[in-house]
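Okay, structure first, notes after.
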Amino acid sequence: MSNKSPVELEQWRALEAHQQSVASTSLRELFANDANRFEKFQLNAAGIFLDFSKNHITQETHQKLIALAEASGVQAKFKAMFSGEIVNTTEKRPVLHTALRYQGSDPILVEGKDVMPGVREVLDRMRVFTQQVRDGSWTGFTGKPITDVVNIGIGGSDLGPLMAVEALAPFAHELLTIHFVSNVDGSHLVSTLKKVNPETTLFVVASKTFTTQETLTNAHSARDWFLQSAATDADVAKHFAALSTNADAVSTFGIDTNNMFGFWDWVGGRYSLWSAIGLPLALSIGMDRFEEFLSGAYEMDRHALEAPLAENMPVTLALLTVWYNNFWGAPSHLIAPYDQYLHRFPAYLQQLTMESNGKSVHHDGTVVNMATGPVVWGEPGTNGQHAYFQLVHQGTHLIPTDFIMAMQSLNPLGIHHELLMANCFAQSEALMMGKNADELHAEMKQSGASEDEIGELTGHRTFQGNRPSNTLLVQQLTPKALGSLIALYEQKVFVEAAIWDINAFDQWGVELGKALAKSIHGEIQEGLTVKSHDASTNGLINRTLKLNNTLA
Ligand code: F6P
């Protein structure tokens, strides 16, 4: 492996030169020139089918991208992560979310100690607890079974479990509703508490560090609300559980550590869904299905680690992102799930990818001289078609898109799924094929338009096309399929970081805002005219304090 900046690698330079030649051939032409293109650019792994034929690549491009992955040491880096080496160098930690879903029998060592017995012990405790809540034997302070669970967390302690609970709603316990409160905006907690009864509500306070301002503020307010309902301090144990690595802070808060499900500092927040942070999901779908979810991820992990680079799905997706991000200047990446149950998947992927790869320095601290993580965004189709797709089709930006769909619906209803499928396939075809002036002319002529009308509208109604996409298909959105899908994106993000030579596992960029918020909060509480910031920030604070009549 070379220590050169990625852009100095000969494989990088070869791709730069190669891009010019590929760019002159349209996607339409690539398909017209090769009847087997669909067969050549597809992969199957862990229950996921990937069609990546609608991309600006030839077999030569693919080989050149694979050569870049080889030169970047992707396979060795995968091995280092899976085996517990310290790959999060700035926080001096191994990165072992893969151990949380590991199904083999080998030990996984951190500082010489096997972490697997601890992982299994927490899973066993989660099984006992979730069973008790689900079968009604865990009762609240008035002896009634739990009907509502409120997860209080933010970031990785919210987005993953929320997304997965929504995605697997068809498998949910019928009598248990799971709510999520994340925002420090009191409206989030207040509106949620209006829906639940203190006698039958279980609060799950989820925080890796147990120091996060938003989560602790919401947790304190939730406890106050609970205690106002005639419950006593002794009843808190029946209604509050904690998911954390910080037992001391959990006890200081007043949660019985018997109700604490632990994990470890080698689990990054945005990679923690597989740990105790997955408890709301396990409460919703039950522990057997939670374990199927883990096994889907494990299958994808094996594939990532063992499949040759050219047949490796996360490697392929990562290389395509690098290809468009760095060689085609595409600053964003659209995630378009054609599945209502995946409506929070883009939001979840935003944290996974943007907190991981939104970095400007290499591992050695030198500033990067190329683009790193693109902006990730999206909303489910078909809704997106009536909102943002106009820009994807006819706007000026190149926006590579991932279409994600289950081939079979879990809610078969008349023609609904046929229409969903038709729309999903139509969008990727339209993005690729576009509609040229001749085609438009023939179409408008056919519907009786005059030459003048056609002339006026030609620029507006033609579609350039040539816009790339991947399509990912699963059979059904089961716990196992969801596990594989999430792990696919986790490993993709890892490969991108390996190529860009950045640390995907720290997040120093969130610190400055947190520190400033703390000091501004102090000033707001003091209630004096604020002068310590720039004129804009002072002005905004003072104007707000004045309106609230809190200026002393
Ligand atoms: O502020 C960013 C962050 O540290 C995320 O990485 C993390 O997922 C989130 O805050 C919540 O952290 P915690 O689980 O420690 O409350």
Side-chain angles (χ1 to χ4, degrees), residues 87-97 100 122 150-165 180-185 188-189 203-223 240-253 255 259-281 344-359 373 376 486 489-490 493-494 497 502-521:
V87 296
N88 177 356
T89 45
T90 62
E91 294 179 312
K92 300 195 174 39
R93 289 175 188 164
V95 172
L96 274 176
H97 47 279
L100 302 166
V122 174
V150 179
N151 187 84
I152 298 178
I154 198 164
S157 301
D158 168 74
L159 286 162
L162 167 55
M163 173 275 292
V165 165
F180 289 85
V181 172
S182 50
N183 202 326
V184 77
D185 179 347
H188 202 177
L189 182 65
F203 292 94
V204 174
V205 185
S207 175
K208 177 178 171 184
T209 54
F210 229 78
T211 57
T212 303
Q213 184 192 60
E214 292 93 328
T215 300
L216 289 187
T217 307
N218 278 322
H220 278 287
S221 300
R223 193 179 50 188
F240 280 77
L243 319 175
S244 187
T245 58
N246 187 348
D248 290 345
V250 168
S251 333
T252 308
F253 178 88
I255 293 180
N259 296 350
M260 171 179 161
F261 299 86
F263 57 110
W264 304 271
D265 70 357
W266 40 262
V267 181
R270 54 193 172 275
Y271 298 87
S272 62
L273 172 59
W274 321 97
S275 71
I277 291 291
L279 189 80
L281 175 63
R344 293 298 288 162
F345 195 60
Y348 161 78
L349 281 188
Q350 279 180 333
Q351 187 200 12
L352 176 67
T353 64
M354 292 163 77
E355 199 168 52
S356 295
N357 287 347
K359 307 289 163 66
V376 170
I486 300 170
Y489 278 94
E490 283 182 348
V493 166
F494 176 81
I502 57 175
N503 184 354
F505 301 111
D506 59 12
Q507 56 284 319
W508 299 105
V510 302
E511 298 300 330
L512 179 59
K514 281 187 193 173
L516 281 174
K518 207 169 171 193
S519 78
I520 293 176
H521 181 222

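Order of appearance sets the numbers: ligands from 1, and atoms from 1 within every ligand. These numbers come from the heavy atoms of this one structure, side chains and all, not from hydrogens, waters or symmetry mates.
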Could you list which atoms of ligand 1 come closer than 4.0 Å to a heavy atom of [X]?
{"X": "G156", "result": "7 (C), 8 (O)"}
{"X": "S207", "result": "13 (P), 14 (O), 15 (O), 16 (O)"}
{"X": "T212", "result": "12 (O), 13 (P), 15 (O), 16 (O)"}
{"X": "I154", "result": "9 (C), 11 (C)"}

Do the two ring centres, one from Y489 and one from Y348, sit under 6.0 Å apart?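 No; Y348 has its ring centre 6.0 Å or more from that of Y489.
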Is any side-chain heavy atom of [X] less than 4.5 Å from a side-chain heavy atom of [Y]?
{"X": "T89", "Y": "N503", "value": "yes"}
{"X": "N218", "Y": "H188", "value": "no"}
{"X": "F210", "Y": "V205", "value": "yes"}
{"X": "K208", "Y": "R270", "value": "no"}
{"X": "V95", "Y": "N88", "value": "yes"}
{"X": "W264", "Y": "L96", "value": "no"}

In terms of residue, atom name and distance, what is the protein heavy atom nearest to [atom]?
{"atom": "atom 10 (O) of ligand 1", "value": "K514 NZ, 4.4 Å"}
{"atom": "atom 15 (O) of ligand 1", "value": "T209 OG1, 2.6 Å"}
{"atom": "atom 3 (C) of ligand 1", "value": "E355 OE2, 4.0 Å"}

Looking at ligand 1, does any of its N/O atoms fall within less than 3.5 Å of an N/O of A206?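 No: no nitrogen or oxygen of A206 is under 3.5 Å from one in ligand 1.
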Checking the N or O distance criterion of under 3.5 Å, is ligand 1 in contact with K208?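 It does: an N or O of K208 is found under 3.5 Å from an N or O of ligand 1.
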Using the ring of F180 (Phe, Tyr or Trp, six-membered ring only), decide whether R344 places NZ or CZ under 6.0 Å from its centre and within 45 degrees of its axis.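 No, R344 and F180 do not form such a contact.
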Any E214 heavy atom less than 4.0 Å to ligand 1: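 Outside the 4.0 Å threshold, so no.
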Is it the side chain, the backbone, both or neither of V510 that has a heavy atom closer than 4.0 Å to ligand 1?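 It is the side chain that gets close, since no backbone atom is under 4.0 Å.
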